[in-house]
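Below is one structure, written out as structure tokens, with a few remarks after it.
Since we're looking at a predicted model, the values are computed, not measured.
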Amino acid sequence: MLVSEYMSESPVTIGVEDDYSAAFEIMDQQGLHHLPVINSGGDVVGILTRRDLQLAARYFHEMSAEVAEVMHAPVVTIAPDANLITAAERMTEERIGCLPVVEGGRLIGVITETDLFRALKSLLAERAA
């Protein structure tokens, strides 16, 4: 079972220089919990979570702040041809709920805890049959 089989393709992203308040809107509109952060060259340089944004809102209140000030960096990534076991181990070791999937230096997807549960469900269904 590979990451590429269960990842969400074409993930929604935010720019490193965008205001963090824009991330709230994107997450609410798209129903997301994780948001990869990219630089002007399209490289993944960080990740934002809902919790990051909630903490930032308490700290910055109504002030403007760039995403770079509140994102997690460096970001932990994974390749699409990695095994799901590797993804689960990496997420567990790093205590994170999402891994940007990178190929050739470009973001091509994300894999989340929900995706891993979907894979587990498939595996359990196969074994039960």
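- Side-chain atoms of E5 come within 3.5 Å of backbone N or O of L2 as a donor-acceptor pair.
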Q. Going through the checks in order, is the side-chain contact (heavy atoms from CB on, under 4.5 Å) test met by L48 and I14?
A. CA-CA 9 Å; L48 278 176; I14 193 162; 4.2 Å; yes
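- Remark: the backbone N or O of L32 is paired with a side-chain donor or acceptor of R50 at under 3.5 angstrom.
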Q: Please test L35 against I26 for side-chain contact (heavy atoms from CB on, under 4.5 Å), starting from the C-alpha separation and ending with a verdict.
A: CA-CA 9 Å; L35 197 55; I26 292 170; 3.9 Å; yes
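- Distance check: S10 OG to I108 CD1 gives 9.5 Å after rounding to the nearest 0.5 Å.
- The two residues A82 and I78 make their nearest non-hydrogen contact at CB-CG1, 3.5 Å.
- Summarising the geometry, atom CE belonging to M1 is positioned 5.5 Å from atom CG belonging to L84; distances are rounded to the nearest 0.5 Å.
- The distance from the CG atom of D52 to the CE atom of M71 is 10.5 Å, given to the nearest 0.5 Å.
- Atom CD of E66 sits in a crowded spot, with more than 12 heavy atoms from other residues, nucleotides or ligands closer than 6.0 Å.
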Q: Under the side-chain contact (heavy atoms from CB on, under 4.5 Å) rule, what do Q54 and T49 come out as? Steps first, then yes or no, please.
A: CA-CA 9 Å; Q54 291 166 343; T49 66; over 6 Å; no
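- Note that NE2 of H33 is 10.0 Å distant from CD of E113, once rounded to the nearest 0.5 Å.
- Linking Ile, Leu, Val, Met, Phe, Trp and Tyr whenever their side-chain heavy atoms come within less than 4.5 Å leaves V12 and M7 in two separate clusters.
- Across all their heavy atoms, P100 and L107 have their closest contact at CB-CD1, 3.6 Å.
- A heavy-atom distance below 4.5 Å is not found between the side chains of T112 and S8.
- Side-chain contact check for V110 versus H34: every heavy-atom pair is 4.5 Å or farther apart.
- The side-chain heavy atoms of D43 and R106, taken from C-beta on, include a pair separated by under 4.5 Å.
- Residues L53 and M27 have side chains in contact (heavy-atom distance under 4.5 Å, counting atoms from C-beta outward).
- Taking the side chain as every heavy atom from C-beta outward, L55 and V70 never approach each other to under 4.5 Å.
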Side-chain polar contacts of residues 87-99 - donor-acceptor pairs under 3.5 angstrom, sequence neighbours left out - could you list them?
from: R90; atom 1: NH1; to: T77; atom 2: O; distance (Å): 2.6
from: T92; atom 1: OG1; to: A88; atom 2: O; distance (Å): 2.8

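- Contact between N39 and V16 at its shortest, heavy atoms only, is CA-CG1, 4.0 Å.
- Contact of the I47 side chain with the V37 side chain is not registered, since no non-hydrogen atoms from C-beta on lie closer than 4.5 Å.
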Q: Under the side-chain contact (heavy atoms from CB on, under 4.5 Å) rule, what do V75 and V45 come out as? Steps first, then yes or no, please.
A: CA-CA 6 Å; V75 64; V45 294; over 6 Å; no
Please output the side-chain donor-acceptor pairs of residues 116-129 that fall under 3.5 Å, not counting sequence neighbours, one pair per line with the distance.
from: R118; atom 1: NH2; to: Y6; atom 2: O; distance (Å): 2.5
from: R118; atom 1: NH2; to: D115; atom 2: OD1; distance (Å): 3.1
from: S122; atom 1: OG; to: R118; atom 2: O; distance (Å): 3.3

